[in-house]
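Right, one structure below, let's go through it.
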Amino acid sequence: MAESSTAYEPQSIEAKWQRRWEESGLYRRVEDPSRPKHYALTMLPYTSGDLHIGHWYAMAPSDARARYMRMHGYNVWFPIGFDAFGLPAENAAIQRNIHPHQWTMDNVRHMRTQLRAMGAMWDWEHEAVSCLPGYYKWTQWFFLKFYERGLAYREVAPVDFCPRCNTTLAREQVWGEDRHCERCGTPVIRKELAQWFFRITDYADQLLVDMDQIDWPERVKTMQRHWIGRSEGAHVVFHSEAGDPIPVFTTRPDTLWGATFMVLAPEHPLVAKLTTSERKAEIEAYVESAGRQTEIDRLATDKEKTGVFVGAYAVNPVNDERVPIWIADYVLTGYGTGAIMGVPSHDDRDFAFALKFGLPIVPVIDRPDRLAKSLVFPGSVRDGFAAELDALGIAYEEGPVGTVGLGLYVTLQGEEQIDGYVAVMQRYLQPGNWNEIVGARFLFVFDDGVRALDSVESDRAILARCKAIYPPVGENRTVMEMLNSLPFYRDVLLHAEYGTMINSGDFTGRPGETAKADVIRWIEERELGHAEVNYRLHDWLISRQRMWGAPIPMVYCPSCGVVPVPEEDLPVLLPDDAAFLPTGESPLKYHHGFLNTTCPRCGGAATRETDTMDTFMCSSWYNYAYVSPYYEGDVPFDPEAGRYWLPVDQYTGGIEHATMHLLYTRFFTKVMRDMGLVAFDEPMERLFCQGMILGEDNEKMSKSRGNVVNPDDYVSTLGADSVRAFLMFIGPWELGGSWSSTGIEGIYRFLNRVWSVVTDSSTTAIPAEATAEEIADLRRYTHQAIRDVTRDYEAFKFNTALASLMKYNNVLLKAQASPVYGTDAWREATRSLVLMLAPITPHLAEELWERLGGAYSVHDERWPEWDPELAADRVVTLVVQVNGKVRARIEAPAEIEEADAKELALGQENVQLHLQGLQIRQVVYVPGRLVNIVAR
RNA sequence: GCCGAAGUGGCGGAACGGUAUACGCGGUGGUCUCAAAAACCAUUGGAGGUUGCUCCUUGUGGGUUCGAAUCCCACCUUCGGCACCA
């Protein structure tokens, strides 16, 4: 084989094998019911034009895993396609005067070439491009089916809008604190538009429950659970004094008696009606400013609360208390009913709001921890008070109170201590003083008696008494505001736990375990409201005011109203002569040929819907489209092929899709199941999410940073196999990592060393015969490598798989110059090395396999198996510790007995040295690993 | 802010509660060469020391344990998502 021992030249072998694989149809899909199928899928790339290193990072390991499954006997199908609708194509159209279709398809052609260079096992015969009519016909078909099932509806919803460009803006097109248009700098306004929604909330519970049947990363499931945000509570109707019903959703109906105000979202439909004339200007200004903020800003809990009183009052239905109505940006229209009851004593945000605006705060749920505090002011009690506290076993600390002297900081635990404390306080309180107990109870001890904070009136009365005694506290508007000025009390002023109801009329004393359910039953009986489940998830807004998307197949007829396009008329084609305005406005609105049509129902003149669909629609069913792209039957894909291949067995993609794409595609599958298109609940059985590849400077790659890595450059110099292997070597796939131009050279060197281990016969073997021990050593390394590498592939740990392969190759480099060279064990070693590298470096492995005399193709070979007997270590290193510190290491036979190990350990000189003057208490033995001698 | 994740040598990272720093990069010294590159060999966490050793080190502070990078609590920092980027 001397003539084939040339240098490793990736360029020639990669081209050679890519051609050969294609010619022989190695990766072509075959339906073979005799073998277990494996549908491997990686998230489809967007047609950005250039294959970024990020695409390689997502796809190469996914391919390696698919190849690994293939070597385990699975009939693997690994399709590919393109997500081809979207904003960048329109921007290109405006900037370069090129039709989005042409721009996109040029990109597709270029990307296909780049993708082929990766040497992945893609089945190109089932490629699908989402912007082609044969594809989006079915995207539109899904819209019609959802509409038929009552899952699509039209409703007015706000969009970010640039008044100058006359166009809707995506979130990424809105820049800066002042939220201006990225193109022209004009401040963005909110505009209400009629838009189409999908009723994903109908499936909220199924999306939650079915998570149990899929093998997805726990973090993705958790994110989806939070995203769906199921909460059980009650729908309760308050009324304004004028009689307008104001429904609220609350998860805590047991706190209804503590609702001392209401807050509406600034966009709430009743705001204009409720606002009194003198408040109008202020309210309008606030509504305007709230509308300009993002939801993220509005919900930030660390910012100062803002809000405005509308001037009107509502009535709390459970106790007929009059409560003021406010608007504030922390209440959103999209969640619940867009209005809340403010319970400041048991909700952080309501507490902060009430404190800021001087609204009364009345506790209505007992603290389950029974903790209370009291600050005894200097000079407010007679001598001997502290001794009484000692006698009762009450904890306190003496400390300065401002600049007035030393006071007592008392902490009380439980009823007995609180009652005892109040009794003592009543006896010792100096005239002209008061003392308060805060937390488990809110009690004010005055010299003529005790007053509890148990209602809005008591709040006023207590404050008035205190003010009379010490006028400066009169600046406070509520008792809580006064208490909040003392930092000592801040952690006991409110709590959000369930507990026994207090200050709640007939419900006072109701235990926390049943409080919520009991109150719901009671309000249902009185028809004040009812139990309700609320979701944070809201319906999916699928309308986009864009041209480059699948047109929504709907027609507006002056006489028939909203009419769906008949199925047989699909697809509603995008015009190929649309004129793009430099503003970015959708040309569909001005394209007469597209816009004007006839009503499918009455045949009269009608207009088309000009909005297109969210591109997440296209990617919600692409895993089905691949089965039979641009299918011409009466369902979106060939049912027979679908029965064999579906669902996806292994899906991989970025964690950034955790909540949106991955939730939408699950929703689609559930609707498809209900339509009878598929017989399963979930589209992807197993999911792995990779992290993000960063630039050499550890920053996200971007053109502006100048740290973008072009894979093509490295493919042409070091080869696709080096790029693939390096990307897998960087670190754990799920965590991402940063590119390194020197790191990839290290991989290239490694592949060269593999090459020389397998092909180099110039190192003449030492004439001596290999001993049985040398053979056993080599075989042990081989079988340990197979064991470790197999485990790593199983767990998607390509980085450690490569580390083990490198280590193994280093061993083989040494063995090459020893008598084992050329033995059967050597042949087993090199074959195993090549087989284990095949998924990561498919070209190199194929070439080396051929040189080893293997039959075409290495990718049809079976994965090597390891023999535990052969892999077992003969000698182990026993670590000897004294009190947990390593004091000696002993080479010992692997099967050493506990007693022998301990004896050996104690015999070590350095161990004896450290045991001097100490008494052995315990000896811990971990078989084959360590002996820890505990001595004092 | 909320939700999710991660912090280990000069760098990327490895470590079933049991030898911290595997593997690779980089550095240093050497071999080869007229020279350089490549390749190969050796060495490489920090501090101290009498070759044998000792001490310190896994973001910070506590805790559990014979033993903690690993488990628990609190905090700090960085990254991803937050509904019209895909």
Side-chain angles (χ1 to χ4, degrees), chain A residues 43-48 83 85-88 159-160 168-174 195 217-220 222-227 229 294-303 330 334 536-546 614-616 618-619 654-661 663-664 689 691-692 694 698-700 726 729-732 734-747 749-750 752-753 756 797 799-800 802-807 810 813 877-887 889 909-910 913 921-926 929-935:
Chain A
M43 288 180 187
L44 80 179
Y46 172 68
T47 50
S48 55
D83 189 14
F85 274 134
L87 203 50
V159 292
D160 286 328
T168 304
L169 299 178
R171 204 167 63 105
E172 66 157 18
Q173 296 176 300
V174 179
Q195 307 191 72
E218 211 42 57
R219 61 173 167 154
V220 174
T222 308
M223 277 195 244
Q224 292 207 349
R225 275 188 203 105
H226 286 297
W227 188 258
T294 66
E295 199 163 300
I296 295 169
D297 293 337
R298 285 178 59 163
L299 287 175
T301 48
D302 65 335
K303 68 161 193 178
Y330 78 97
R536 205 185 74 97
L537 177 73
H538 40 80
D539 280 340
W540 176 13
L541 196 171
I542 58 135
S543 293
R544 298 290 181 269
Q545 292 74 47
R546 312 261 172 225
D614 181 0
T615 54
F616 277 127
C618 313
S619 56
I655 184 74
E656 66 273 19
H657 294 288
T659 46
M660 303 182 65
H661 162 64
L663 203 60
Y664 295 146
C689 287
M692 197 184 290
L694 303 174
N698 280 323
E699 300 283 344
K700 206 170 174 172
F726 178 63
F729 184 63
I730 288 176
E734 71 273 22
L735 296 183
S738 30
W739 180 262
S740 160
S741 49
T742 50
I744 189 170
E745 282 171 30
I747 286 287
R749 281 199 284 270
F750 161 63
N752 270 289
R753 285 194 293 267
S756 72
K797 297 181 101 184
N799 59 326
T800 48
L802 271 161
S804 297
L805 287 167
M806 287 174 177
K807 204 170 164 179
N810 290 343
L813 274 166
T877 306
L878 269 186
V879 169
V880 186
Q881 299 180 331
V882 176
N883 288 329
K885 290 203 185 230
V886 180
R887 297 302 177 193
R889 293 186 170 89
E909 200 184 318
N910 199 36
L913 216 65
R921 299 282 171 91
Q922 191 191 346
V923 181
V924 180
Y925 177 63
V926 181
R929 282 187 171 273
L930 99 168
V931 179
N932 185 16
I933 301 155
V934 186

Mind checking if Gln195(A) touches a base, just sugar-phosphate, or nothing, with heavy atoms under 4.0 Å?
base

Measuring to OP1 and OP2 of A86(B), would you say a side-chain N or O of His657(A) lies under 4.0 angstrom away?
no

Please give, in whole Å, the distance from C3(B) P to Met223(A) CE?
13 Å

Check: Arg889(A) and Val880(A) side chains under 4.5 Å, non-hydrogen atoms
no

Given the rule in the side-chain contact (heavy atoms from CB on, under 4.5 Å) test, do Glu734(A) and Arg219(A) qualify, once you have shown the distances and angles that lead to the verdict?
CA-CA 11 Å; Glu734(A) 71 273 22; Arg219(A) 61 173 167 154; 3.8 Å; yes

Under a 3.5 Å limit for both distances, which nucleotide forms a Watson-Crick or G-U wobble pair with U33(B), could you say?
none

Classify the nucleic acid contact of Val159(A) as base, sugar-phosphate or nothing, counting any heavy atom under 4.0 Å across all strands shown.
base

Do Glu218(A) and Arg225(A) pass the salt bridge (charged side-chain N to carboxylate O under 4.0 Å, His left out) test, and can you show the C-alpha distance, the side-chain angles, and the key distance before you say yes or no?
CA-CA 10 Å; Glu218(A) 211 42 57; Arg225(A) 275 188 203 105; 3.6 Å; yes

Strictly by modelled atom types, are Gln195(A) and Ser543(A) linked by a side-chain donor-acceptor pair under 3.5 Å?
no

Taken to the nearest whole Å, NZ/Lys700(A) to C1'/G80(B) is 8 Å

Show the distances under 3.5 angstrom between N or O atoms of the protein and N or O atoms of nucleotides 17-20 of chain B.
unit_1	atom_1	unit_2	atom_2	d
G18(B)	N2	Asn932(A)	ND2	3.2
U19(B)	O2	Arg889(A)	NE	3.0

Strand partner of U60(B), provided both Watson-Crick or wobble distances fall under 3.5 Å:
A74(B)

Let me spell it out: for each of His538(A) and Met692(A), pick the nucleotide of RNA chain B with the closest heavy atom. Which residue's pick is nearer the 5' end?
Met692(A)

C1' spacing across the pair G61(B) / G12(B), given as an integer number of angstrom
29 Å

Between His657(A) and Phe616(A), what is the ring plane arrangement, given parallel below 30°, perpendicular above 60°, and tilted in between?
perpendicular

Distance, C1' atom - from A14(B) to C25(B), rounded to whole angstrom:
15 Å

Heavy-atom distance under 4.5 Å between the side chains of Val931(A) and Ile933(A), does that happen here?
yes

What interatomic distance, in whole Å, is found between P of C2(B) and the corresponding atom of A74(B)?
14 Å

Leu87(A) side chain reached by Arg544(A) side chain, heavy atoms, under 4.5 Å:
no

Donor-acceptor pair, distance only, cut-off 3.5 Å: does the side chain of Asn799(A) make one with the backbone of Ile730(A)?
no

Rounded to the nearest 0.5 Å, the CG atom of Leu802(A) sits from the NZ atom of Lys797(A) at a distance of 13.5 Å

Tell me which of Leu813(A) and Arg536(A) sits closer to the 5' end of RNA chain B, going by the nucleotide each one is nearest to.
Leu813(A)

For G61(B), does the glycosidic angle fall within 90° of 0 (syn) or outside that (anti)?
anti

Base, sugar-phosphate or nothing for Asn883(A)? Non-hydrogen atoms, less than 4.0 Å.
nothing

Winner on side-chain proximity to Trp227(A), out of G81(B), A5(B), A83(B), is A83(B)

Atom-pair distance (CD on Glu734(A); C1' on C79(B)), nearest Å
14 Å

Just do the side-chain contact (heavy atoms from CB on, under 4.5 Å) check on Val923(A) and Val934(A) with the steps written out, would you?
CA-CA 6 Å; Val923(A) 181; Val934(A) 186; over 6 Å; no

Which pairs, protein N/O on one side and nucleotides 21-28 of chain B N/O on the other, fall under 3.5 Å?
unit_1	atom_1	unit_2	atom_2	d
A22(B)	O2'	Lys807(A)	NZ	3.2
G24(B)	OP1	Asn810(A)	ND2	3.2
C25(B)	OP1	Arg749(A)	NE	3.1
C25(B)	OP1	Arg749(A)	NH2	2.8
C25(B)	O2'	Thr742(A)	OG1	2.7
G26(B)	OP2	Arg749(A)	NH2	3.3

Considering only G4(B), U54(B), C85(B), which nucleotide approaches the side chain of Thr222(A) most closely?
G4(B)

Rounding to the closest angstrom, what is the interatomic distance between U78(B) and C73(B) at atom C1'?
22 Å

Which part of the nucleic acid does Ser48(A) contact within heavy-atom distance under 4.0 Å: base, sugar-phosphate only, or nothing?
nothing

Would you say the side chain of Arg921(A) and the base of C66(B) hold a donor-acceptor pair, judged only by whether the two atoms sit under 3.5 Å apart?
no

At a cut-off of 3.5 Å, list every protein nitrogen or oxygen paired with a nitrogen or oxygen from nucleotides 70-72 of chain B, distance to 0.1 Å.
none

Base C79(B) paired with Glu656(A) side chain (donor-acceptor, <3.5 Å):
no

What is the pairing partner of G1(B), taking Watson-Crick or G-U wobble pairs with both distances under 3.5 Å in any strand?
C82(B)

Can you tell me how far C1' of C11(B) sits from CH2 of Trp739(A), to the nearest Å?
16 Å

Please report, rounded to the nearest Å, how far the P atom of C82(B) is from the NE2 atom of His661(A).
14 Å

Pairing partner of G67(B), by Watson-Crick or G-U wobble and under 3.5 Å for both distances, is none

Would a 4.5 Å heavy-atom cut-off, applied to side chains only, mark Phe729(A) and Met806(A) as touching?
yes

P-based separation of C76(B) from U28(B) [nearest Å]
41 Å

Taking the side chain as every heavy atom from C-beta outward, state whether Gln881(A) and Arg887(A) have any pair of such atoms under 4.5 Å apart.
no

Taking CD1 from Ile730(A) and P from G12(B), how many angstroms apart are they, rounded to a whole number?
12 Å

Distance-only side-chain donor-acceptor flag, Ser738(A) / Asn698(A), under 3.5 Å:
yes

Now, which nucleotide makes the Watson-Crick or G-U wobble pair with C11(B), with each of the two distances under 3.5 Å?
G24(B)

When rounded to whole Å, the CZ to C1' distance for the pair Arg225(A) and G81(B) reads 17 Å

Round to the nearest Å and state the distance from Glu218(A) atom CD to C3(B) atom P.
17 Å

Could you work out which one of A6(B), G81(B), U54(B) sits closest to the side chain of Arg887(A)?
U54(B)

Classify the ring geometry between Trp540(A) and Tyr664(A) as parallel (under 30°), tilted (30 to 60°) or perpendicular (over 60°).
parallel

With heavy atoms under 4.0 Å as the rule, sort Pro732(A) into base, sugar-phosphate or nothing.
sugar-phosphate

To the nearest 0.5 Å, what is the distance between CE (Met660(A)) and CG (Asp614(A))?
7.0 Å

